Amino acid sequence: MLLVDFPNAFNLVDRTALLREVRLRCPALSRWVEFCYSSPARLFYGEHTLRSCQGVQQGDPLGPLLFALVLHPLVCRIRDSFDLCLQTWYLDDGTIIGDTLVVGKVMELILVEGPRLGLHVNVEKTEVFWPTEDPRSRLAGVFPLDIACPIHGVKLLGGPVSVDASFCGELVSQRVSKTIVLMDVVAKLEDPQCELLLLRACTGVSKLYFSMHTCPPRLFEAAQISIDVALWGSLERIVTASGPAGDVRHYAFLVSRLQSSGLQASLLRNSESTFSLSQRQVTLWKSQQGDHTSAWLRAVPISGLGQTMNGFLQGRRSPLG
């Protein structure tokens with residue numbers, strides 16, 4: 001497996017190749033792209049004016065498409081020239097799988113043809129990996145001497161590729177640790193509304209969804225305890241201002257219990273086991289039955305539209321509680 005790394009790829013693609021591929025593949029866009037990229041853009045730095053002659057502009061919605069068009073001839077050349085098990089690209093992240101000597105030839109082709117398109121390989125960050133190393137990889141000229149050859153595994157788009165459980169487990173542990181640190185940093189906002197939105201969208205368990213899809217579940221046994229403690233702590237601080245212990249768990253149980261009440265009743269209809277709710281639980285559940293009842297919890301905080309809530313002072317109850 002060869003993992004190709006192009007450093008600063010979007011900023012270095014050759015614009016002549018870019019315009020040529022746009023005219024060939026997407027002629028309906030060609031006039032607009034030529035208007036944007038046929039002449040150098042002026043960049044102002046203090047008293048100096050720089051001329052931007054390479055790459056696609058940061059923030060351009062067409063940027064990924066234009067980059068892919070520049071890369072496309074190289075991808076086709078590799079496809080037509082070599083018998084590979086797999087060639088796949090996610091923009092500038094390339095993955096090549098095949099026989100060792102064939103993959104070495106692909107690497108050689110990319111090193112030769114890539115610069116003509118403005119695609120320069122960072123050999124030191126490009127990786128080649130085998131579950132069991134092929135001795136032929138050490139033959140002279142098969143791979144550059146300074147290419148990275150990790151032993152235990154590699155990361156592919158953030159997910160582990162390895163037969164070593166400890167390598168995968170360490171990757172999961174690192175991701176969980178970073179997620180917990182991020183939750184602690186978000187707490188410094190002291191704005192429960194923004195903190196809750198961030199926790200739901202990008203700083204809580206959502207940071208781990210990709211790992212859950214790409215790692216064996218057994219690797220999460222230890223990490224799950226750490227993330228649970230941190231997540232409950234964040235929710236209690238945001239929702240109840242670290243108030244009565246167990247309140248957040250109480251709410252979570254209530255939601256889980258009542259959303260699956262029909263299924264539970266069906267499964268337990270012949271059982272002596274029963275579930276009962278306190279009067280407080282029943283009242284809380286009924287209060288949530290109306291349309292848009294909890295919409296305010298998901299409102300984007302825009303002060304001009306009256307969609308913000310005041311933060312809370314130390315020792316006072318959170319407005320979300």
Side-chain angles (χ1 to χ4, degrees), residues 1-26 29 33 36-38 40-41 43 50-130 137 141-151 153-162 171 210 214:
M1 171 182 282
L2 176 70
L3 301 179
V4 182
D5 179 76
F6 293 127
N8 207 19
F10 276 55
N11 291 329
L12 294 177
V13 291
D14 184 81
R15 288 190 181 175
T16 300
L18 183 154
L19 295 173
R20 180 180 65 247
E21 290 302 315
V22 170
R23 295 188 195 105
L24 178 63
R25 306 291 178 181
C26 304
L29 294 176
V33 174
C36 294
Y37 290 102
S38 59
L43 306 178
L50 308 176
R51 293 166 59 85
S52 174
C53 304
Q54 292 178 301
V56 294
Q57 296 175 2
Q58 184 175 3
D60 183 354
L62 288 176
L65 170 65
L66 299 178
F67 175 83
L69 288 174
V70 175
L71 178 65
H72 186 254
L74 182 60
V75 174
C76 293
R77 177 78 178 276
I78 294 171
R79 179 198 62 195
D80 297 337
S81 302
F82 303 100
D83 182 17
L84 296 167
C85 298
L86 176 71
Q87 178 193 194
T88 183
W89 295 81
Y90 184 80
L91 296 176
D92 58 335
D93 290 313
T95 304
I96 312 293
I97 299 177
D99 179 78
T100 298
L101 299 182
V102 176
V103 172
K105 293 294 184 181
V106 173
M107 180 68 181
E108 182 180 351
L109 174 66
I110 295 174
L111 288 170
V112 173
E113 299 294 333
R116 299 174 185 176
L117 302 172
L119 301 171
H120 304 272
V121 178
N122 184 344
V123 176
E124 294 181 355
K125 289 189 176 181
T126 294
E127 298 176 310
V128 60
F129 170 70
W130 309 258
S137 65
V142 175
F143 291 107
L145 296 177
D146 51 349
I147 195 171
C149 298
I151 298 174
V154 292
K155 287 195 297 184
L156 176 58
L157 298 178
V161 178
S162 177
L171 186 64
F210 184 73
T214 56

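Just so it is clear, the structure is predicted and the values come from calculations on it, not from any experiment.
Note that the CD1 atom of Ile110 and the CG atom of Leu117 stand 11.0 Å from one another [nearest 0.5 Å]. To the nearest 0.5 angstrom, Met107 atom CE is 4.0 Å from Ile147 atom CD1. One finds the CD1 atom of Ile151 at 11.5 Å from the OG atom of Ser162 (value rounded to the nearest 0.5 Å). To the nearest 0.5 Å, atom CD of residue Glu127 and atom CG of residue Leu2 are 9.5 Å apart. To the nearest 0.5 Å, the span separating CG on Asp92 from CZ on Phe6 amounts to 8.0 Å. Thr95 contributes atom OG1, which lies 13.0 Å from atom CZ of Phe129 (distance to the nearest 0.5 angstrom).
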*Assess whether side-chain contact (heavy atoms from CB on, under 4.5 Å) is satisfied between Val142 and Leu101, documenting all intermediate values.*
CA-CA 6 Å; Val142 175; Leu101 299 182; 3.9 Å; yes

*Trace of the side-chain contact (heavy atoms from CB on, under 4.5 Å) decision for Tyr37 with Val22*: CA-CA 11 Å; Tyr37 290 102; Val22 170; over 6 Å; no

*Given side-chain contact (heavy atoms from CB on, under 4.5 Å), test Leu84 with Ile78 step by step and report yes or no.*
CA-CA 9 Å; Leu84 296 167; Ile78 294 171; 3.7 Å; yes

*How far apart are the C-alpha atoms of Leu156 and Leu3, what are their side-chain angles, what is the distance that settles it, and do they pass the side-chain contact (heavy atoms from CB on, under 4.5 Å) test?*
CA-CA 8 Å; Leu156 176 58; Leu3 301 179; 3.8 Å; yes

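With sequence neighbours excluded, the residues satisfying side chain to side chain contact (heavy atoms under 4.5 Å, CB included) with Asn11 are Asn8. Not counting sequence neighbours, Arg20 has no partner by the salt bridge (charged side-chain N to carboxylate O under 4.0 Å, His left out) test. Every residue meeting the side chain to side chain contact (heavy atoms under 4.5 Å, CB included) condition with Cys26, not counting sequence neighbours, appears here in chain and number order: Leu29, Leu69. Here Phe10 pairs with Phe67 under the ring pair (Phe, Tyr, Trp, His ring centres under 6.0 Å) rule; sequence neighbours left out. Contacts of Asp5 classified as side chain to side chain contact (heavy atoms under 4.5 Å, CB included), with partners at least two apart in sequence or in another chain: Pro7, Asn122, Lys125, Thr126. Residues passing the side-chain hydrogen bond (donor to acceptor under 3.5 Å, both in side chains) test with Arg116, sequence neighbours excluded: Glu113. Evaluation of the side-chain hydrogen bond (donor to acceptor under 3.5 Å, both in side chains) rule for Arg23 yields Glu34 as partners, not counting sequence neighbours. For Leu43, the side chain to side chain contact (heavy atoms under 4.5 Å, CB included) partners at least two apart in sequence or on another chain are Leu50, Ser52. Here Thr100 pairs with Trp130, Asp134 under the side-chain hydrogen bond (donor to acceptor under 3.5 Å, both in side chains) rule; sequence neighbours left out. Every residue meeting the side-chain hydrogen bond (donor to acceptor under 3.5 Å, both in side chains) condition with Ser137, not counting sequence neighbours, appears here in chain and number order: Glu133.
The ring pair (Phe, Tyr, Trp, His ring centres under 6.0 Å) pairs that include a residue from residues 105-127 number zero, where partners must be two or more places apart or lie in different chains. Judged as a side chain to side chain donor-acceptor pair (under 3.5 Å), the pairs with a partner in residues 81-91 (not counting sequence neighbours) are, in order, Gln87-Trp89.
Within 6.0 Å of CG on Leu145 lie no more than 12 heavy atoms contributed by other residues, nucleotides or ligands. The number of heavy atoms from other shown groups lying within 6.0 Å of CD (Glu124) does not exceed 12.
Scanning both residues, Pro144 and Leu111, for their nearest heavy atoms gives CG-CD1, 4.0 Å. Contact between Asp14 and Ala17 at its shortest, heavy atoms only, is OD2-N, 2.9 Å. When every heavy atom of Pro64 is checked against every heavy atom of Pro61, the shortest pair comes out as CD-O, 3.7 Å. Listed here is the closest heavy atom pair of Leu157 and Phe210: O-CE2, 3.1 Å.
With hydrogens and angles disregarded, a donor-acceptor distance shorter than 3.5 Å links the side chain of Arg15 to the backbone of Gly55.
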